[in-house]
2 protein chains.
Amino acid sequence: MSDKESETEGLIKEAARKLFHEKGFAGTKTRDIAEAAQINLALLNYYFRSKKKLYDIIMMESIQHFFSDLVVVINNAETNFLEKLQELAIIYIDMLSQNPDIANFILNEVRQHPDQFTSKLGALEMAKNSVFLKQYTEAVKEGVIPPVHPAHFLMNFAGLVVFPFIVTPMVSVVTGLPRTDLIELIQERKRLVPLWIQSMLQVK
Amino acid sequence: MSDKESETEGLIKEAARKLFHEKGFAGTKTRDIAEAAQINLALLNYYFRSKKKLYDIIMMESIQHFFSDLVVVINNAETNFLEKLQELAIIYIDMLSQNPDIANFILNEVRQHPDQFTSKLGALEMAKNSVFLKQYTEAVKEGVIPPVHPAHFLMNFAGLVVFPFIVTPMVSVVTGLPRTDLIELIQERKRLVPLWIQSMLQVK
DNA sequence: ATTTGAATTAAACAAATGATTAAATCAATT
DNA sequence: AATTGATTTAATCATTTGTTTAATTCAAAT
C-alpha cells in the first residue's frame, strides 16, 4: 500500500480537513492551512503538490469515511429492514455528532461537481444491489409498505437523520439553544427516527 | 422608499444572485458576475461599491424572500395546525422548485456567520410568539401530540420539505434520475409531507 | 566527522482578483 | 446646438493567493 504518512503530512491534512469542511475549497486559503497546521507554507506544496490535490485527498477520505459503514449495514443479510434503520440511525448520528460539517462538505461538492462524484462513488451500484433495497421492494410487493418511490424513502430517512446537523446553526440562532445542547437533543433521534419512519410507512 | 433600480443594476443583481446561490461568496468572482450580466466590470463597483456590499444585498433579499411567506402563514389565526402544514408544504415546495439553491445559500451563510444572522432575522421573535407555536404547545398540553421538543418538530418538517432540494444532486447521481425528474417527484410531497408529519405525531 | 538525501525555511514570482481612475459616450435639459 | 450630469468603457493599480526557488537545517548512514 502507500507509505505511512509523516508527522507534518498528517498535521497538514488534519488542518486542511477542518478548514475545507468549514469553508469549502474556494473559502480556504493555503496560508490558512499552513497557519492552522503550524507549518511553513511551502511544505503544503512539498507534500501535496497543489491545493487542489490536497483537497481531492480530503474529499476522497471524507466520502469514504461517510459511506463505508453504510455499505456494510445495508448489505447485512442477518438483519431485517427495521433493524437496519435502527443501526443506521445510531451510526450516522454518532458520526455526525463528532464531525458536524462532513455532510455539508460532501453535499456541496456533489452539487458543484456531480459528474466527478459518479466515478468516485462505487457505492452507487452497491446501493442498487443492496439487501436493503431488496427488502424494501419486497415489503412493497407484499403490501406491508405503500408504493411510494424509493427516492422518497431515501430522502425521508436521510432528511430526518442528516438534516438536523445541517440546520443546527440556524436552529441554534432561532431557539437560542447552544449548538452543543442541540447535538445532545439530536441523540434522542437514534430512538425516534426509526419509530417515525415506521409510522410514516403506514401512510396511504 | 428606495429609487427604482436601473436596468443594468438589475442585470448585475440577477447574475450575482444566481452565482452567489450556486458558488457562495468566495467561489464567485466579480469578473464572473460581470460576464454573466454582460456588463463592464467597473459597473459592479459603480452601482454597489464592493463585492461584499452586493453580496449583503443579495443575502438580505434572499432571506426576506425565503421567510416572508412563513411569517404570514404561521400567524394566521383562521387556520388550524394541519392546515398550516399543508399550506407551508405547498408554498415551500413551489418556492424551492423555482429556486433550488436558495436554501443551501442561506444555510451555508448562517453556518459561517451565525451572529450577523441573528440581527438580520427579526422573524426570530416572530416565530416564538407565533400562533403556530401556540397551537403546537396547546396540542401537547391536551395530549393530542406527544411531548417531544418543538425543535424536533421543526427539524422534521423542514427536513422533509427542504432537505430533498439539498440532496437532489446526490440523489440524482445515485438513482440516475435527472434533476428535473426528481423535482417533479418532489411535488408529490406537497400532499405526502403533512400526512407523514401527522402520522409521526402519533409516535410514543 | 563526513556525506547524503530528506525536510524545512525565507523569499520571491506570477497569476488572479477586487477596486479605482480618467477618459468616452449617452441622454436629458436648456 | 450646447451644457450638464449620469453612465459606460478600457486601462491600470494594489493586494491576495497559489506556487516555486534556492539556501539552510536535520537526521541517518558511512
Side-chain angles (χ1 to χ4, degrees), chain A residues 1-62 101 105 108-109 111-113 116, chain B residues 1-62 101 105 108-109 111-113 116:
Chain A
M1 291 294 182
S2 58
D3 301 315
K4 182 164 181 289
E5 67 191 21
S6 75
E7 170 113 13
T8 48
E9 202 175 336
L11 289 175
I12 296 172
K13 274 174 65 174
E14 195 178 349
R17 188 184 49 76
K18 184 164 186 290
L19 287 169
F20 281 141
H21 279 205
E22 282 175 10
K23 299 165 174 289
F25 180 77
T28 300
K29 310 305 173 187
T30 54
R31 281 168 179 78
D32 297 338
I33 297 174
E35 189 183 16
Q38 291 184 292
I39 52 100
N40 187 283
L41 174 60
L43 289 177
L44 191 154
N45 295 88
Y46 177 77
Y47 281 106
F48 299 97
R49 307 291 304 233
S50 75
K51 177 189 175 186
K52 181 59 167 38
K53 286 198 167 62
L54 173 56
Y55 176 83
D56 287 340
I57 290 173
I58 300 297
M59 176 57 66
M60 190 77 76
E61 291 186 358
S62 297
D101 290 326
F105 176 64
N108 278 330
E109 171 68 16
R111 193 160 48 87
Q112 275 163 32
H113 307 107
Q116 307 173 35
Chain B
M1 289 298 183
S2 59
D3 301 315
K4 180 162 180 290
E5 67 191 23
S6 73
E7 169 111 14
T8 47
E9 203 175 336
L11 289 175
I12 295 172
K13 273 173 64 174
E14 196 179 349
R17 188 184 49 75
K18 183 161 185 293
L19 286 169
F20 282 142
H21 279 204
E22 281 176 8
K23 297 165 175 288
F25 179 77
T28 300
K29 311 304 173 188
T30 55
R31 282 167 177 80
D32 296 338
I33 297 174
E35 188 183 16
Q38 290 183 294
I39 52 100
N40 186 285
L41 174 60
L43 289 177
L44 191 154
N45 296 90
Y46 177 77
Y47 281 106
F48 299 97
R49 308 288 306 226
S50 74
K51 177 188 175 186
K52 181 58 166 41
K53 285 199 167 61
L54 173 56
Y55 176 83
D56 287 340
I57 290 173
I58 300 299
M59 176 57 67
M60 189 78 77
E61 291 185 358
S62 296
D101 289 327
F105 177 64
N108 278 330
E109 171 66 17
R111 193 158 49 85
Q112 274 163 31
H113 307 108
Q116 306 172 35

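Every chain is numbered from 1 and lettered A, B, ... according to where its sequence line falls, protein lines coming before strand lines.
- More than 12 heavy atoms of other residues, nucleotides or ligands shown are found within 6.0 angstrom of NZ on B:K51.
- B:Y47 comes within 4.0 angstrom of sugar-phosphate atoms only, judged by non-hydrogen atoms across all strands, and of no base.
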- request: Take nucleotides 12-23 of chain C nucleotide by nucleotide from the 5' end and write B, S or -, depending on whether a protein heavy atom sits under 4.0 Å from the base, only from the sugar-phosphate, or from neither.
  value: B----BBBBB--
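- Annotation: salt bridge (Lys or Arg N to Asp or Glu O under 4.0 Å) contacts of A:K13 (sequence neighbours excluded): A:E5, A:E61.
- Separating the CG atom of A:L43 from the P atom of D:dT24 is a distance of 18 Å, rounded to the nearest angstrom.
- Summarising the geometry, the separation between CD on B:E7 and P on C:dC26 is reported as 16 Å, rounded to the nearest angstrom.
- In this structure, the CD atom of A:E35 is 15 Å from the C1' atom of D:dT17, given to the nearest Å.
- What separates CG of A:D32 from P of D:dT19 is a distance of 14 Å, to the nearest Å.
- A:D56 contributes atom CG, which lies 9.0 Å from atom CZ of A:F20 (distance to the nearest 0.5 angstrom).
- Contact between B:G24 and B:T28 at its shortest, heavy atoms only, is O-OG1, 2.7 Å.
- In B:K18, the NZ atom is not crowded: 12 or fewer heavy atoms of neighbouring residues, nucleotides or ligands sit closer than 6.0 Å.
- The side chain of B:T8 contributes no N or O atom lying less than 4.0 Å from OP1 or OP2 of D:dT7.
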Let me have the donor-acceptor pairs involving side chains of residues 30-46 of chain A, under 3.5 Å, with sequence neighbours excluded, atom names and distances please.
{"residue": "A:N40", "atom": "OD1", "partner": "A:A42", "partner atom": "N", "Å": "2.9"}
{"residue": "A:N45", "atom": "ND2", "partner": "A:R49", "partner atom": "O", "Å": "3.0"}

